[in-house]
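As the structure is a prediction and not an experimental result, all values here were calculated from the model. Per chain, numbering begins at 1; letters A, B, ... match sequence-line order.
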2 protein chains.
Amino acid sequence: MLTERQYAVVMAIVFEYIHTGEPVGSRSLSKKYLTRISAATIRNEMADLEEMGFITQPHTSAGRVPTSKAFRLYVDSILEGKRQKSSELADRLLDLKRQRADFEQLLVYSSQLLSRVTHTVALAASAPLAQVRLERVEFVSIDLYHALLLVVLQGRLIHQKMLAFPCEMSRETLDEIARRINTIASGKPWDEVRDGLRTFLLKELDEVSESCRLAMTEIDGLVSAENFRFFTTGIHQILKLPDFQDIGRLQAILSLLEEEEALSRMVRRYSAKDGLNVVIGSEDPESGLGSFSALFSSYSGKGTRTVLGLIGPVRMDYEKAIAALETVWDGLYENGNNSEGRLRD
Amino acid sequence: MLTERQYAVVMAIVFEYIHTGEPVGSRSLSKKYLTRISAATIRNEMADLEEMGFITQPHTSAGRVPTSKAFRLYVDSILEGKRQKSSELADRLLDLKRQRADFEQLLVYSSQLLSRVTHTVALAASAPLAQVRLERVEFVSIDLYHALLLVVLQGRLIHQKMLAFPCEMSRETLDEIARRINTIASGKPWDEVRDGLRTFLLKELDEVSESCRLAMTEIDGLVSAENFRFFTTGIHQILKLPDFQDIGRLQAILSLLEEEEALSRMVRRYSAKDGLNVVIGSEDPESGLGSFSALFSSYSGKGTRTVLGLIGPVRMDYEKAIAALETVWDGLYENGNNSEGRLRD
DNA sequence: TTTGGCACTCGAAGAGTGAGAGTGCCAGCC
DNA sequence: GGCTGGCACTCTCACTCTTCGAGTGCCAAA
């Protein structure tokens with residue numbers, strides 16, 4: 001539906017706008033990018049493109065600003081092509097991996113790295129999948145009234161909760177409870193076993209039923225929801241950008257970043273399918289991104305869903321940002337079996 | 001060294017400045033606060049006070065702005081008196097406590113509450129004391145090459161680390177290692193046992209020495225440093241304040257909040273003694289607080305040091321903020337044995 | 001020692017102006 | 001028919017000038 005020339009004009013406008021932040025005029029386009037077409041011709045094309053919704057004018061007699069539709073076109077064109085990996089970034093990630101941190105920690109370090117390199121807010125998240133399998137349950141007795149409940153999930157994912165019992169619970173009792181739970185539930189997807197387990201326990205283990213019931217509801221809360229754990233870094237990075245001297249826009253994004261609930265909804269919505277996704281804030285007012293864009297790389301494997309993302313201004317350097325995210329993401333998962341947080345070296 | 005009247009003038013200037021944010025003129029002082037003294041007299045006093053360093057003029061023919069010296073005077077006068085507790089705040093905290101969360105979680109909730117009420121950034125931190133006693137060490141075997149190392153410290157403080165072993169480690173071996181460590185080290189302050197333990201282990205447990213040595217260095221890193229764990233909330237709160245429409249100041253504080261290292265240094269420096277401390281940023285340029293002030297409430301008990309704090313603009317409502325912090329802090333620790341994160345109800 | 005009065009200072013806000021960038025449209029050219 | 005150069009028009013931005021008001025400092029009188 002776009003002629004080749006119109007496409008070229010849109011791309012040039014987006015490119016120029018990303019690099020200057022100012023409305024783009026026909027003359028500068030003709031001079032810098034499309035030297036074979038005159039400014040007047042570009043003006044005509046621009047009028048059409050404006051009608052089609054790719055660009056707008058902040059006011060008469062100003063240049064054109066790309067709309068989210070144009071950004072989408074631009075981003076898709078980048079995603080289609082191949083990006084060059086930054087070998088420097090890959091090296092620095094390798095350094096991180098040598099520090100033998102666990103996977104979650106590595107994820108945090110990676111996001112810090114990303115944030116510094118791209119001058120955006122980086123976001124890392126991991127969540128157990130709903131259908132994750134329960135490996136086993138274990139109690140670590142702390143004193144007579146307290147125990148640490150460890151839920152070991154598939155893929156070495158561990159959730160834990162300190163439990164307070166209303167009555168004395170000996171180590172032996174706890175071990176026995178854990179043994180019984182494991183006999184029934186180990187190896188099964190948690191959402192399948194949960195209900196059966198609860199009724200079983202409440203009926204069979206009458207002598208310790210009160211504590212058991214308590215423990216059960218706790219376990220429930222631990223894994224039942226597909227809750228992301230979030231790590232964000234680099235808020236100060238976006239303050240450096242010339243775009244956000246105006247506080248109002250910052251407020252929106254900071255509220256979003258501090259509100260795990262909203263953040264979780266946003267991430268779940270836009271990282272639904274594995275791989276790299278680009279969300280342009282103004283494309284969907286309900287995203288909560290406002291005048292920001294986000295990139296998400298996500299992957300579901302053995303029990304966990306992992307997301308690594310960037311949040312930056314709509315006119316961020318997508319090419320660089322996408323390349324950086326891909327480089328880091330691939331670095332995280334490369335060496336085959338190293339994925340899923342394996343710690344072997 | 002200040003006459004009674006000079007003192008009154010300083011207090012009135014600070015009070016008015018806190019509530020308006022504008023330089024305070026002699027006329028409005030005479031009208032609003034010191035009705036028995038004429039503006040001309042106040043002008044004379046102001047000239048003296050300026051010489052003494054309590055107030056400054058942003059430019060000739062503007063009102064006076066209090067300096068950190070004046071703020072300090074004001075804050076001290078508040079701390080001397082008694083504040084009224086907000087019963088609403090106390091009630092909301094009680095609600096939180098009923099949710100049976102562990103102490104650290106409760107601390108986080110409390111700080112969120114504080115942030116909302118005072119419109120400042122709230123900061124919660126907890127750290128094991130250097131001389132904390134080791135209760136015991138436990139390994140939870142995950143698979144042949146991985147185990148979760150749990151270090152149980154005095155006061156139910158738990159540190160943990162996922163360990164990767166370079167060779168197979170059976171559950172029995174791990175239990176044996178833990179048993180030996182516990183025999184020697186349990187009940188002793190960690191910094192005392194550490195060195196002896198290391199040499200003991202490296203010599204005695206030769207057959208599993210490589211893994212042991214690894215485990216030991218990990219334990220070391222877990223407790224050796226007095227590392228605060230930080231939780232901050234409410235960054236978006238300070239964006240609402242009229243003072244910080246200027247990005248530069250925000251940048252300083254956001255960098256500080258995102259840099260755990262610097263934050264830790266700052267907190268350690270200003271919450272050295274138990275109780276409530278007020279830091280006025282401009283009083284000490286090295287604080288990193290810039291044009292912000294901070295309140296810290298801190299307490300060291302059975303193994304942990306806990307800090308709850310607020311960071312707000314220098315001209316924050318200290319009276320309200322101090323009262324709020326005190327209310328929440330007392331709420332956290334009241335009911336005697338409920339302190340230290342006891343979970344009984 | 002305190003007070004009223006007066007001249008002076010300075011910044012904030014508003015109006016006016018010119019420069020510059022950009023557009024839309026028209027008429028001519030390939 | 002599509003492309004281009006030219007021209008009139010529009011709108012913002014930055015700058016200057018002016019006015020207004022709040023506030024001071026100082027002096028002389030009570």
Is there a donor and acceptor pair closer than 3.5 Å between the side chain of B:R43 and the base of C:dG4?
no
With a 4.0 Å cutoff (strictly under), does any side-chain N or O of B:R64 reach OP1 or OP2 of D:dG23?
no
Side chain proximity check, A:Y7 to A:L73, heavy atoms < 4.5 angstrom
yes
Base, sugar-phosphate, or nothing for B:S28, non-hydrogen atoms under 4.0 angstrom?
nothing
Separation of A:I13 atom CD1 from C:dT23 atom P, in whole Å?
9 Å
Taken to the nearest whole Å, CD1/B:I42 to C1'/C:dG4 is 14 Å
Given C:dT3, is OP1 or OP2 found less than 4.0 Å from the side-chain N or O atoms of B:T41?
yes
Rounded to the Å, how far apart are A:I55 CD1 and C:dG24 P?
9 Å
What nucleic acid atoms does A:A40 come within less than 4.0 Å of, heavy atoms only: base, sugar-phosphate, or nothing?
base
Base of C:dT9, side chain of B:S61 - is there a donor-acceptor contact under 3.5 Å?
yes
D:dC3 phosphate, OP1 or OP2: any side-chain N/O from A:R36 under 4.0 angstrom?
no
Send over the distance from A:E16 CD to C:dA21 C1', rounded to a whole Å.
14 Å
Atom-to-atom span, NZ of B:K32 to P of D:dG23 - whole angstrom
11 Å
Is the shortest side-chain heavy-atom distance between B:F296 and B:L276 below 4.5 Å?
no
Does any donor-acceptor pair link the side chain of B:R27 with the base of D:dG23 at a separation under 3.5 Å?
no
Hydrogens and angles aside, do A:Y17 and A:E22 bring a side-chain donor and acceptor to less than 3.5 Å of each other?
no
If only side-chain N and O atoms count, and only distance matters, is there a donor-acceptor pair under 3.5 Å linking A:R268 with A:S264?
yes
Regarding A:H119 and A:Q237, do their side chains bring together a donor and an acceptor under 3.5 Å, going by distance alone?
yes
Rounded to the nearest Å, what distance is computed from the CG atom of residue A:L34 to the P atom of nucleotide D:dT4?
11 Å
How many Å lie between CD on A:Q6 and P on D:dC3, as a whole number?
11 Å
Closer than 4.0 Å, any side-chain N/O of B:T60 to the OP1 or OP2 of C:dC10?
yes
Of D:dG5, C:dT3, D:dT24, the nucleotide closest to the side chain of B:M46 is D:dT24
If you assign B:E45 and A:Q57 each to the DNA chain C nucleotide with the nearest heavy atom, which residue ends up on the more 5' nucleotide?
B:E45
d(CG, A:N44; P, D:dG2) in whole Å:
11 Å
